[in-house]
Amino acid sequence: MSATRGLIINGAEVPASSARTTADINPWTGGVHTEVAAGGVEDVRRAVDAADAAFAQWAATKPAARRQIFLKAARIMADRTDEIVRIMAEEVGGTAAWAAFNARLAADILLEAAAAVSRPTGQLLATNADGVISAQTRVPKGVVAAVSPWNAPVILGVRAVALPIAVGNTVVMKPSEDAPVACGLLIADVLHEAGLPAGVLNVVTNDRADAAEVVTALIADERVRMVNFTGSTEVGRAIGVEAARNLKPAVLELGGKNALLVLQDADVDYAVDAAVFGSFMNAGQICMCLDRVIVHRTLAEEFTAKFAARVAALPYGDPADPATAVGPVVSSRAARRVQALVEDAVDRGATLVTGTGRPEGPDTLIRPVVLTGVTQDMKVYYDEIFGPATVVHVVDSADEAVCLANDTPYGLTAGVITEDLAAGLAVAARLRTGIVHVNDQSIADEPQAPFGGVKSSGYGRFGGQAGVEAFTDTRWVTAQARGHAHFPI
């Protein structure tokens, strides 16, 4: 067990006002990874005090100075890859490959934030007024509330704060109770080591029982001007309602029921490779993971046999073993949820092609599952799995594949596999998702691209110019540059 970690407020690590701590549990061993401060409402106020006090000076900091901080932070993040691999294995059961990818992409996000510092922030507007210069410009909002998730903790923790800070905001971050170090405290450590001034990023960790109270207090504080959240649709809906109640904008990146459409002319072996990766990377615990593989009937028998064989052979177990492809899920609670979905489907007539759905060894380890024969009366048809299981559906046409893919309340991402690029693009155009990849599976993320979903997968966008716009306000500015304005009274 590592040393107890405190809250990060105004650049210092401090205990919670109550002096309480809470245990951060290792999902593989069941032991305590770290004790962290159990912050409460009073600590939220302290963190917002610090962020609000730091805002004016940070917003006025010269672009070159801000850029240097993010460039240095990217180097530090990359240099800490081995540490991140260890932390993610112990804190969330992440495999070495997944954790190393988190470190690399987080470093890239920091580099993209450095680039965003000096992007153009306005434009001249046409005007009917004589002697007037009219312009619109983008200005930072102020204090941003960021609620970050456990599943891709370093990537999504960095994404929650990097661009908001780069464009001049300050942040109060509430990391997931399942990964307070990797998706919160570690990120603050890196940015402060890189020279981020005190108060610009503050981190409030909390006990799970206090989560709703802490988030409500954070959103309700009148000095907090917007919210960003990545996580489940259930929690995101509550956060969206709370933000709306307080008349604050939100960026919400929520769940997915993502599909891979394997068209009639697809290369079966390539489709199998894509489906294995897309379904089981990080034990299926990525918002972009495949819950459904929709295969044309002429390929279904060959595809399903090869897919099941590949999945059955995936090494699963200890996340600290470099050979492990599929580690444990984040908690016994998560494992029971996946088990319930699989058992409900089997009880109602679905076929288990491989796997059992039952935890093995530690109560967080599930052998990867493939189901067929899933119908609409089964919970797994509509519910997000978020674990090491996926469903193969068989269809008779591309039209049927599109209808099935769209038959979900979610709309995050999708993939289409075909040897005919024009056909793939035509199918992609009909999918109701925020993201789609032709001749690839559903998992992809680049910091310069707009990232987000539609329908119950959320709204707003992280990344690229869309992210800059999300975390700034548009201001109209005029200047009477020649003569005096005429006033009729």
Side-chain angles (χ1 to χ4, degrees), residues 48 51-71 73-74 108-129 132-147 158-173 191 196-197 199-202 219 221-230 240 243-244 246-253 434 446-453 458-481:
V48 177
D52 187 52
F55 170 64
Q57 185 171 348
W58 176 246
T61 299
K62 289 182 169 55
R66 273 188 270 160
R67 183 185 300 109
Q68 285 301 322
I69 292 169
F70 283 100
L71 292 173
D108 285 348
I109 294 170
L110 291 164
L111 290 175
E112 185 64 19
V117 164
S118 55
R119 280 191 184 143
T121 57
Q123 62 185 124
L124 290 176
L125 303 175
T127 176
N128 291 317
V132 169
I133 296 172
S134 180
Q136 69 177 37
T137 186
R138 304 206 68 86
V139 297
K141 288 179 174 289
V143 180
V144 173
V147 183
V158 169
R159 189 183 71 176
V161 304
L163 193 55
I165 291 172
V167 297
N169 301 294
T170 56
V171 173
V172 176
M173 180 188 224
L191 283 163
L196 191 72
V200 176
L201 173 59
N202 307 273
I219 296 172
D221 192 300
E222 63 181 12
R223 297 165 297 176
V224 170
R225 298 315 314 146
M226 79 164 293
V227 182
N228 79 70
F229 169 80
T230 300
N246 288 275
L247 292 178
K248 295 175 184 179
V251 174
L252 304 177
E253 195 256 285
E446 292 191 85
Q448 69 272 24
F451 191 99
Y459 49 78
R461 292 294 181 268
F462 292 94
Q465 184 59 30
V468 171
E469 292 174 1
F471 294 107
T472 55
D473 286 325
T474 299
R475 176 177 291 169
W476 180 37
V477 179
T478 69
Q480 189 73 35

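Quick note: numbers below take in every heavy atom, side chains included, and nothing from hydrogens, waters or symmetry partners. Since the model is a prediction, treat every value here as computed from it, not as a measurement.
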**Student:** Give a yes or no answer on whether the side chain of Asp221 reaches the backbone of Arg223 with a donor-acceptor pair at less than 3.5 Å.
**Tutor:** yes
**Student:** To check you understand the geometry: which heavy-atom pair defines the closest contact between Thr170 and Ala54, and what is its length?
**Tutor:** CG2-C, 4.0 Å
**Student:** For the residue pair Leu163 and Gly463, what are the closest heavy atoms and their distance?
**Tutor:** CD2-N, 4.3 Å
**Student:** Please assess Leu201 against Met173 for the test side chain to side chain contact (heavy atoms under 4.5 Å, CB included), listing each intermediate value before the final yes or no.
**Tutor:** CA-CA 7 Å; Leu201 173 59; Met173 180 188 224; 4.2 Å; yes
**Student:** Evaluate side chain to side chain contact (heavy atoms under 4.5 Å, CB included) for Arg159 paired with Glu253, printing each intermediate quantity in order.
**Tutor:** CA-CA 11 Å; Arg159 189 183 71 176; Glu253 195 256 285; 2.7 Å; yes
**Student:** Please check this pair: side chain of Arg138 against backbone of Thr472, looking for a donor-acceptor N/O pair closer than 3.5 Å.
**Tutor:** yes
**Student:** With a 6.0 Å cut-off (strictly less than), is the heavy-atom count around CD of Gln57, excluding the residue itself, greater than 12?
**Tutor:** no
**Student:** Counting N and O atoms only, with roles assigned by atom type, does the side chain of Thr137 sit under 3.5 Å from a partner on the main chain of Thr121, one being a donor and the other an acceptor?
**Tutor:** yes
**Student:** Measuring from atom CD of Glu446 to atom CZ of Phe451, what distance do you get when rounded to the nearest 0.5 angstrom?
**Tutor:** 11.5 Å
**Student:** Would you say Arg225's side chain and Lys248's backbone share a donor-acceptor pair under 3.5 angstrom?
**Tutor:** no
**Student:** What are the two closest heavy atoms between Leu71 and Ala114, and how far apart are they?
**Tutor:** CD2-CB, 3.8 Å
**Student:** Could you tell me which non-hydrogen atom of Val167 sits nearest to which non-hydrogen atom of Phe471, and how far apart they are?
**Tutor:** CG2-O, 3.8 Å
**Student:** Atom NZ of Lys62 and atom OG of Ser118: how far apart are they, to the nearest 0.5 Å?
**Tutor:** 15.0 Å
**Student:** What distance do Thr127 atom OG1 and Ile133 atom CD1 have between them, rounded to the nearest 0.5 Å?
**Tutor:** 10.5 Å
**Student:** Could you grab the distance from atom CG of Asp473 to atom CE of Met226, nearest 0.5 Å is fine?
**Tutor:** 9.0 Å
**Student:** Could you tell me whether Glu112 and Arg119 have a side-chain N and a carboxylate O separated by less than 4.0 Å?
**Tutor:** yes
**Student:** Return the minimal non-hydrogen interatomic distance between Ala243 and Ala250, and the atom names on each side.
**Tutor:** CB-CB, 4.2 Å
**Student:** Would you call Glu469-Arg461 a salt bridge at under 4.0 Å N-O?
**Tutor:** no
**Student:** Under a 3.5 Å distance rule, please check whether Asn169 uses its side chain to pair with a backbone N or O of Pro164 as donor and acceptor.
**Tutor:** yes
**Student:** Contact between Pro450 and Phe462 at the side-chain level, heavy atoms closer than 4.5 Å - yes or no?
**Tutor:** no
**Student:** Could you walk me through whether Ile165 and Phe70 satisfy the side chain to side chain contact (heavy atoms under 4.5 Å, CB included) test, starting with their C-alpha distance in whole Å, then the side-chain angles of each, then the deciding distance to 0.1 Å, before giving a yes or no?
**Tutor:** CA-CA 10 Å; Ile165 291 172; Phe70 283 100; 3.7 Å; yes
**Student:** Quick check against the 3.5 Å criterion: does Trp58 have a side-chain atom that pairs as donor or acceptor with the backbone of Leu196?
**Tutor:** no
**Student:** What heavy-atom pair brings Val171 and Ala146 nearest, and what distance separates the two atoms?
**Tutor:** CG1-CB, 3.9 Å
**Student:** Let's go through Thr474 and Trp476 carefully: what are the C-alpha distance in whole Å and the side-chain angles of both, what is the deciding distance for side chain to side chain contact (heavy atoms under 4.5 Å, CB included) to 0.1 Å, and is it a yes or a no?
**Tutor:** CA-CA 7 Å; Thr474 299; Trp476 180 37; over 6 Å; no
